[in-house]
Visitor: 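Structure below; questions to follow.
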Amino acid sequence: MSDIPANLTWERAAPPEATGPGPWIELAFGDDDFVYIRETSDPENVVTTTRKKWDAFVLGVQAGEFDHFVEGVEGFEGSGESESPERSEGSAGGRP
């Protein structure tokens with residue numbers, strides 16, 4: 001993608017104790033209200049979204065809305081609560 005700003009500061013999303021080359025996800029927040037996302041193993045392949053959509057995604061992750069994607073994955077520590085039918089069917093994204 002040739003229209004990626006050259007002055008981006010990439011932040012690696014890795015645990016503090018992480019060592020080695022990854023692969024890790026990296027994020028950069030542009031002055032143009034875009035969020036740039038890439039993987040360290042393929043840095044030329046960049047995905048973009050808006051800051052508003054990124055913030056909504058982060059709030060969803062913090063609220064546990066995507067925990068079902070990693071249930072049963074070794075090392076995942078969920079909230080321990082089972083999802084009620086009201087939450088999964090009652091509102092979009094678990095929020096009113």
Side-chain angles (χ1 to χ4, degrees):
M1 184 175 191
S2 61
D3 55 343
I4 298 171
N7 64 339
L8 294 174
T9 301
W10 292 95
E11 299 177 42
R12 187 164 293 174
E17 68 277 359
T19 59
W24 308 107
I25 299 296
E26 293 181 314
L27 304 166
F29 298 91
D31 293 334
D32 53 3
D33 194 44
F34 280 102
V35 178
Y36 299 85
I37 306 164
R38 68 183 185 185
E39 187 175 330
T40 55
S41 65
D42 187 12
E44 298 302 315
N45 187 11
V46 178
V47 176
T48 62
T49 189
T50 65
R51 182 63 190 244
K52 185 175 181 178
K53 290 177 182 178
W54 175 255
D55 290 344
F57 171 73
V58 170
L59 289 172
V61 169
Q62 291 173 336
E65 294 177 18
F66 305 103
D67 288 356
H68 64 283
F69 288 114
V70 293
E71 287 175 356
V73 174
E74 185 178 331
F76 173 69
E77 297 178 21
S79 64
E81 299 175 13
S82 61
E83 187 171 330
S84 68
E86 293 80 22
R87 179 170 181 228
S88 63
E89 298 172 9
S91 61
R95 291 189 294 270

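Small disclaimer: the values here were computed from a predicted structure and weren't measured.
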Visitor: Under 3.5 Å, which donor-acceptor pairs link side chains of residues 19-31 to any protein atom two or more places apart or in another chain?
Guide:
from, atom 1, to, atom 2, distance (Å)
W24, NE1, G20, O, 3.4
E26, OE1, R38, NE, 2.8
E26, OE1, R38, NH2, 3.1
E26, OE2, R12, NE, 3.4
E26, OE2, R12, NH2, 3.1

Visitor: Report, as yes or no, whether the 6.0 Å neighbourhood of atom CD on E17 holds more than 12 heavy atoms from other residues, nucleotides or ligands.
Guide: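 Yes, because the 6.0 Å sphere around CD of E17 holds more than 12 heavy atoms from other groups.
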Visitor: Go through the structure and list residues passing side-chain hydrogen bond (donor to acceptor under 3.5 Å, both in side chains) with E39, not counting sequence neighbours.
Guide: S41
Visitor: Please tabulate, one pair per line, all N/O donor-acceptor pairs under 3.5 Å involving side-chain atoms of residues 50-60, not counting sequence neighbours.
Guide:
from, atom 1, to, atom 2, distance (Å)
T50, OG1, K53, N, 3.2
R51, NE, D55, OD1, 3.1

Visitor: Taking the side chain as C-beta and beyond, is there a heavy-atom pair between Y36 and L8 under 4.5 Å?
Guide: yes
Visitor: For the CG atom of D32 and the OG1 atom of T48, what is their distance to the nearest 0.5 Å?
Guide: 8.5 Å
